[in-house]
Amino acid sequence: GRSRYGYIAGYLEALKEATPLTLVLDAGDDYEKGALAELRSMGESTREMVQALPIDLRTIGNHDFAYGEEAVLRDVLGSRHPVLASNVHRTGEGDSPFASFVEVDIGCAKIGVVGLVASGYGSNDYPSREPFDGVFEQDDRYEVVLSELVREHRGEVDAFIALNHIGYGADLELARRVPGVDLVVGAHSEDLLPQPTAMRRPDGSHVYVVQAGHWGLTLGRADVGVDLRDHTLTIDHYGIVNVDASLPY
C-alpha cells in the first residue's frame, strides 16, 4: 500500500542530509511504464511525482515523449532540475527546452554533465528516425555529438559525466572511443550492473560505465573522488540499493 516513489524519496533525502555533497542523477524513461493512473492522467501523475523527488539532473528518455509536445514542455519547462537531451532539437519555431550541457559544483569540484537520448519507436515497435511527436528531432550520431561537447567543455570542469539514455552497448562504445569522459551513467537497455564496468583507453585514461536496473526496483550509489590536480575521477565504492520497506519512507 506504499508507493515505491516514497521509498526512493526517503532514501535520497536521508542520503543528502547525511552526505550533502551528493549528486542525484536520473537517466530517463520515468514515463509510460504501465501505471494506470499515469495513462488516465496523460502523464500528469508521474510528472508530479518525478518533480517531487530530490533529483539534481535528469536526461529525458524515449518513453518520456509518449504524451506529446505539450506534456514534454510542461514537464521540462516546469522542472525544478535541469533536463538534458544533448542530441535532441526542436523542429520549426521555438528554442529547444532541453539543456545540452550542465556544470554542477560539488564542493570544490566542477562537474560537467551531458545526456544523449535514443531514437523513438514507431507503431510497429521498431526504432524510428522520425522526430518524436513530429517535433523533437534526435541526432543518432552519438560519438560526434559527445566528442563535440567534450571538446567544447572539458577544459571548464574537473570531471565529465555522460548521463545517457542509449543503452549499455552504445555506452561501452562511447566510453572506448571518446576520451575526456570519466563516467557514463546509462539507461534504456535496463541492465542491472552490480559493479561498474571499468575501462582503460588506448591513451591511458580510464572511464567507468554504470547502470542500475529498471522500474525503480533498485538505485545505484557511487562514492566518487575527483582529483583537482589532474582532473580525474575515481569510484572508491559502488553498490546497488534495493528499493523496499527497509528504506525510510
Quick one: pull up [atom1] in [X] and [atom2] in [Y] and give me the separation to the nearest 0.5 Å.
X: Ile106; Y: Asp56; atom1: CD1; atom2: CG; value: 6.5 Å
X: Asp26; Y: Ile60; atom1: CG; atom2: CD1; value: 10.5 Å
X: Ile240; Y: Leu193; atom1: CD1; atom2: CG; value: 7.5 Å
X: Arg74; Y: Glu44; atom1: CZ; atom2: CD; value: 4.5 Å
X: Ile111; Y: Leu183; atom1: CD1; atom2: CG; value: 9.5 Å
X: Asp171; Y: His165; atom1: CG; atom2: NE2; value: 10.5 Å

(request) Test Thr46 against every option in Gln51, Lys33, Glu38 by the side chain to side chain donor-acceptor pair (under 3.5 Å) rule and name the one that passes. (result) Glu38
(message) Side chains of His89 and Asp139: any donor to acceptor distance under 3.5 Å?
(response)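 Looking only at side-chain atoms, His89 and Asp139 do not form any donor-acceptor pair under 3.5 Å.
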(request) May I ask you to check whether Glu137 and Thr91 show a side-chain donor-acceptor distance below 3.5 Å? (result) no
(request) Go through Val102 and Leu57 one step at a time and tell me if the side-chain contact (heavy atoms from CB on, under 4.5 Å) criterion holds. (result) CA-CA 9 Å; Val102 175; Leu57 283 172; 3.7 Å; yes
For a quick test of reading the model, state the closest non-hydrogen atom pair linking [X] to [Y] and the distance between them.
X: Ala212; Y: Gly220; answer: CB-N, 3.5 Å
X: Ala9; Y: Leu53; answer: CB-CD2, 3.7 Å
X: Gln211; Y: Asp191; answer: OE1-N, 2.8 Å
X: Ser128; Y: Ser119; answer: O-CB, 3.6 Å
X: Tyr31; Y: His63; answer: O-CB, 3.5 Å
X: Val157; Y: Gly112; answer: CG1-N, 3.6 Å

Are the side chains of [X] and [Y] in touch, meaning some heavy atoms are under 4.5 Å apart?
X: Val243; Y: Leu217; answer: no
X: Ile166; Y: Leu174; answer: yes
X: Arg90; Y: Phe98; answer: no
X: Phe160; Y: Leu233; answer: no
X: Arg221; Y: Tyr11; answer: yes

Applying the 4.5 Å side-chain criterion to the ILVMFWY set and letting contacts propagate, would [X] and [Y] be lumped into a single cluster?
X: Val24; Y: Val104; result: no
X: Val181; Y: Met199; result: yes
X: Tyr142; Y: Val117; result: no
X: Ile161; Y: Val184; result: no
X: Leu116; Y: Phe101; result: yes

(message) Heavy-atom count check: over 12 atoms from other residues, nucleotides or ligands less than 6.0 Å from Asp95 CG?
(response)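 Incorrect, the count does not exceed 12.
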(request) Answer yes or no: are there more than 12 heavy-atom neighbours, outside Gln195 itself, under 6.0 Å from its atom CD? (result)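 More than 12 within 6.0 Å, yes.
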Closer than 3.5 angstrom, by distance alone: can the side chain of [X] be matched with the main-chain N or O of [Y] as a donor-acceptor pair?
X: Asn164; Y: Gly186; value: no
X: Ser100; Y: Ser86; value: no
X: Arg201; Y: Ala175; value: yes
X: Asp133; Y: Val135; value: no
X: Thr232; Y: Asp227; value: no

(request) Output, in order, the C-alpha distance, side-chain angles, deciding distance and verdict of side-chain contact (heavy atoms from CB on, under 4.5 Å) for Phe65 and Gln138. (result) CA-CA 12 Å; Phe65 293 89; Gln138 181 253 19; over 6 Å; no
(request) Name all pairs fulfilling the ring pair (Phe, Tyr, Trp, His ring centres under 6.0 Å) condition that reach into residues 229-249, sequence neighbours left out, sorted by first residue then second. (result) Tyr7-Tyr249
(message) By the definition salt bridge (charged side-chain N to carboxylate O under 4.0 Å, His left out), identify the one residue from Asp29, Asp64, Asp75 that meets it with Arg58.
(response) Asp75
(request) Please list, chain by chain and in numerical order, all residues satisfying side-chain contact (heavy atoms from CB on, under 4.5 Å) with Thr234, sequence neighbours excluded. (result) His206, Tyr208, Asp236
(message) If the condition is salt bridge (charged side-chain N to carboxylate O under 4.0 Å, His left out), which residues does Arg80 pass it with, not counting sequence neighbours?
(response) none
(message) One pair to check against side-chain contact (heavy atoms from CB on, under 4.5 Å): Glu13 and Lys16. What are the steps and the verdict?
(response) CA-CA 5 Å; Glu13 287 174 1; Lys16 283 195 159 193; 5.9 Å; no
(request) Please test Ser41 against Glu48 for side-chain contact (heavy atoms from CB on, under 4.5 Å), starting from the C-alpha separation and ending with a verdict. (result) CA-CA 11 Å; Ser41 66; Glu48 291 188 13; over 6 Å; no
(message) Any salt bridge linking Arg176 with Glu173? Criterion: basic side-chain nitrogen under 4.0 Å from a carboxylate oxygen.
(response) yes
